[in-house]
Each structure stands twice: as C-alpha cells, then as structure tokens.
Amino acid sequence: MIGTLTLSLLANELAGRLIGSDVEFSEVSTDTRTLSDGAVYLALKGERFNGNEFIRQARERGACGAIVSEGVSDEIAADLSLLQVADTHEALAEIARINRERGNARVIALTGSQGKTTVKEMLGSILRRSAPTLITAANLNNTIGVSLTLLQLNEQHAYAVVEMGADTAGEIAFSSRTAQADIAVITNASAAHIEGFGSLQGIVSAKGEIIDELSEDGILLLNADDQHAGVWADRAGHRRTIFFACERTESADYYAADIQLENEGRVSFKMVSPVGEQDISMQRLGKHNVTNALAAAGAAIEAGASLHDVAAGLAEL
C-alpha cells in the first residue's frame with residue numbers, strides 16, 4: 001500500500017461503526033494464515049466461507065484491527081480495534097480505490113471472452129522493459145482479485161495491468177469503479193461461459209461495462225475483427241477509441257503484415273502502428289496470438305512504450 005490509512009477514515013467513507021480506538025495501518029490481509037503483525041484483517045464473506053469466524057485467529061497473529069460485517073464477542077472487542085460495515089467486499093474495494101488514487105501508475109484494464117490473460121502477460125513483459133509494472137497475479141481477475149491486485153500498488157510502480165473477469169453482469173462495472181483505468185482493452189466477446197449472462201448480447205453488454213468508468217480522456221482499445229466492436233465504440237462516446245486487427249482493415253490503427261507461422265513454434269510479422277513499423281518475433285503458436293500481441297502492443301504504446309520495448313517484450317515471452 002501507499003502510505004497509511006485509519007479505521008476512522010474508512011468508517012466515514014463506508015458509513016461504518018468504529019468499535020474501540022482508532023488505528024493506523026499500511027497493510028490489509030484477507031487471510032489469517034498469511035497475516036503480518038500490525039496488519040488489519042478484513043473478513044470477507046461468501047457462499048462457502050465466512051471470514052468473520054476467524055477474528056480470534058487474526059488477533060492471535062498480531063492484527064492491529066479488523067474490518068467485519070458481523071458482531072464480535074466482547075472478549076475480542078476488548079483488545080482489538082474493529083470497524084463494522086455492511087459489506088466487507090465493498091470495504092476491500094474502497095481501500096483498493098484509495099490506494100490506486102494515491103499512486104501515479106497508469107492503470108490499464110482489460111477484459112474479453114478469450115485472450116485477456118495472454119494479453120496481460122504480454123503487456124507486462126513490454127511495459128517492464130522501461131519501468132516497474134504491476135500485473136494481475138495468476139487468475140485473480142474477479143472483483144476480489146482486482147482489489148487485492150490494486151492493494152499491491154506502491155510508489156515505484158509506473159504501470160498497473162489489471163485483468164478483469166466476470167461470471168455475471170455488474171462485476172466488471174464493480175471492478176472498473178475500483179481500478180479507475182486510464183486505458184481499457186476489450187479483446188473480444190463470444191458465447192463462452194454464457195450461463196451468468198443469459199445470452200451473447202448479455203456478454204457483450206457486460207464486457208462493455210469496462211468502458212463506463214473510463215474518464216473522458218481515457219483510451220479504449222477494441223478488436224476490429226470482433227463483430228461487436230461497433231457496439232462498444234458507440235458506448236465509448238467521445239472517448240478516444242483505437243482499433244487493432246490481425247490484418248489490415250479500414251479501421252485498424254494497429255495491424256500485422258507478412259505473418260509467418262514458423263515450424264519451430266514461433267510467429268513473426270511486421271506490426272504496423274501509428275508510430276511506425278516494427279518486426280515482431282515471438283514464441284507463441286497460432287494466428288490468434290498475433291491479435292493478442294497487437295492488443296498488448298497497442299495498449300503499451302498508447303501508455304508510452306516504444307516500438308523497441310514492444311519487440312523485446314514480446315520476444316522474451
């Protein structure tokens with residue numbers, strides 16, 4: 001985290017109730033097994049778990065306070081500062097949002113039915129060539145994972161690459177309000193994992209939620225080869241919208257020429273971009289990874305990366 005927070009500040013932001021003395025903290029943990037001495041324990045609650053049941057363990061491991069959504073016994077409350085809120089999930093997002101606002105990192109958020117994890121790794125590899133970059137770890141791309149990622153931002157980070165997934169409508173909107181991205185990328189939309197969305201159009205709408213929290217000077221990157229790109233471009237309104245495509249199209253700002261699928265498992269092509277052309281060679285199979293690379297390259301260049309950074313970052317993967 002960047003700087004410190006107090007439970008009293010959060011109480012004001014979340015209409016919570018401070019029980020006991022106020023405490024200052026610079027670390028939040030949602031897991032008593034890895035909680036550090038002096039951290040605040042935040043008790044998440046889900047369908048199959050209830051972190052409120054582990055307040056005693058948090059105190060024993062040295063927590064200076066806890067954020068809870070249920071009542072706590074008088075014995076524990078006697079020597080542990082508590083903040084009781086209606087929803088600890090919301091509390092975690094609020095802390096993450098505050099931490100994001102305190103930093104200077106450019107935040108790039110990305111979503112899509114396929115390719116988002118690959119694009120995340122490609123983006124991270126490119127941006128790390130020039131500056132400290134935080135990226136979503138593993139598959140921590142749900143609403144909790146996005147908040148936990150943003151809590152890792154520190155003063156040194158120049159970039160943060162935040163992957164956003166969803167099982168139902170509204171989840172990407174929730175994550176986007178937390179991340180407040182400067183640049184957003186939608187890789188595509190397909191009927192994969194349709195259960196929580198009702199239809200393909202439901203998925204298209206849900207992916208588009210990432211657009212709504214972009215500021216008016218934010219940048220949106222869209223896949224010109226996806227049939228839904230026009231829907232998202234219309235949703236973006238006057239925001240700057242950039243298009244990438246596997247091969248040259250009328251609307252593509254970033255596209256590939258002379259694609260070579262090589263026998264030894266490499267792909268090479270010439271990337272054409274608004275800032276020039278660049279030969280790319282990478283150890284990724286399949287033409288779909290050319291599209292992924294163009295999405296990552298476009299986002300990285302719009303964030304400030306050079307053509308050399310793009311080529312070197314993609315080659316390293």
Legend entry - Shortest non-hydrogen contact between Asn141 and Val146, atoms and distance: O-CG2, 3.9 Å
Legend entry - Side-chain heavy atoms of Ser113 within contact of Lys207, under 4.5 Å: yes
Inset, instruction - Identify the two heavy atoms, one from Ala229 and one from Asn223, that lie closest to each other, and give their separation to 0.1 Å. - result: CB-O, 3.4 Å
Legend entry - side chain to side chain donor-acceptor pair (under 3.5 Å) involving Asp217 - partner list, sequence neighbours excluded: Ser215
Inset, instruction - Spell out, as yes or no, whether a donor-acceptor pair under 3.5 Å connects the side chain of Thr178 to the backbone of Ser147. - result: no
Legend entry - Any side-chain heavy-atom pair of Thr149 and Gln152 under 4.5 Å: no
Legend entry - Flag side-chain contact, heavy atom, 4.5 Å: Leu314 against Ser125: no
Legend entry - Arg177 bridged to Glu90 by N-O distance under 4.0 Å: no
Legend entry - Between CG on residue Leu82 and CD1 on residue Ile76, distance to nearest 0.5 Å: 8.5 Å
Legend entry - Sub-4.5 Å side-chain heavy-atom contact between Phe197 and Val204: no
Inset, instruction - For residues 57-84, pull every pair meeting ring-ring contact (aromatic ring centres under 6.0 Å, His included), keeping only residues two or more places apart or in separate chains. - result: none
Legend entry - Under 3.5 Å: donor-acceptor pair, side chain of Asn99, backbone of Leu150: yes
Inset, instruction - Could you pull out the closest heavy-atom pair between Ile280 and Ala311, with the gap in Å? - result: CD1-CA, 3.8 Å
Inset, instruction - For the residue pair Ser69 and Asn52, establish whether any side-chain heavy-atom pair is separated by less than 4.5 Å. - result: yes
Legend entry - Arg33 CZ to Arg61 CZ distance, which is reported to the nearest 0.5 Å: 10.0 Å
Legend entry - Val231 reachable from Phe243 in the ILVMFWY side-chain graph, under 4.5 Å edges: yes
Legend entry - Neighbour count above 12 (heavy atom, 6.0 Å) for Asn104 CG: no
Inset, instruction - Under the side-chain contact (heavy atoms from CB on, under 4.5 Å) rule, collect the residues that match up with Ile242, sequence neighbours excluded. - result: Ile219, Leu221, Arg240, Asp253, Tyr254, Glu302
Inset, instruction - Check Leu151, Leu83, Val85, Thr30 against Leu42 for a side-chain contact (heavy atoms from CB on, under 4.5 Å) and give me the one that passes. - result: Thr30
Inset, instruction - Find the distance between CG (Asp87) and CG (Leu92) and round it off to the nearest 0.5 Å. - result: 10.0 Å
Inset, instruction - Would you give the length of the straight line joining atom CG of Asp225 to atom CG of Asn188, rounded to the nearest 0.5 angstrom? - result: 10.0 Å
Legend entry - Spatial distance of atom OG1 (Thr168) from atom CD (Glu195) [nearest 0.5 Å]: 12.0 Å
Legend entry - Glu94: salt bridge (charged side-chain N to carboxylate O under 4.0 Å, His left out) partners, not counting sequence neighbours: Arg97
Legend entry - Contact list for residues 304-317, test salt bridge (charged side-chain N to carboxylate O under 4.0 Å, His left out), sequence neighbours left out: Arg129-Glu316
Legend entry - Minimum side-chain heavy-atom gap His288-Thr118 below 4.5 Å: no
Legend entry - Those residues that, when tested against His89, pass ring-ring contact (aromatic ring centres under 6.0 Å, His included) (two or more places apart): Phe174
Inset, instruction - Compare every heavy atom of Gly3 with every heavy atom of Ser26, then report the nearest pair and how far apart it is. - result: CB-O, 3.6 Å
Inset, instruction - Check side chain to side chain donor-acceptor pair (under 3.5 Å) between Arg17 and all other residues, then give those that pass, not counting sequence neighbours. - result: Gln84
Legend entry - Distance, nearest 0.5 Å, that separates OG1 of Thr111 from CD1 of Ile172: 3.5 Å
Inset, instruction - List for me each residue that meets side chain to side chain donor-acceptor pair (under 3.5 Å) alongside Glu213, sequence neighbours excluded, and say none if there are none. - result: none
Inset, instruction - Look only at the side chain of Asn142 and the backbone of Gly145, and say whether a donor-acceptor pair between them is shorter than 3.5 Å. - result: yes
Legend entry - Option from Gln260, Glu262, Arg266 for which side-chain hydrogen bond (donor to acceptor under 3.5 Å, both in side chains) with Ser281 holds: Arg266
Legend entry - All side chain to side chain donor-acceptor pair (under 3.5 Å) counterparts of Asp226, not counting sequence neighbours: His228
Inset, instruction - Could you tell me which residues satisfy side-chain contact (heavy atoms from CB on, under 4.5 Å) with Arg239, sequence neighbours excluded, listed by chain and number? - result: Ile211, Leu214, Glu216, Ala236
Legend entry - With Asp182 via side-chain contact (heavy atoms from CB on, under 4.5 Å) - residues at least two apart: Arg100, Arg106, Val107
Inset, instruction - Over all heavy atoms of both residues, which pair between Gly112 and Thr187 is shortest? Give the atoms and the distance, please. - result: CA-OG1, 3.2 Å
Inset, instruction - Report the residues that fulfil side-chain contact (heavy atoms from CB on, under 4.5 Å) with Glu27, sequence neighbours left out, ordered by chain and then residue number. - result: Ser36, Ala39
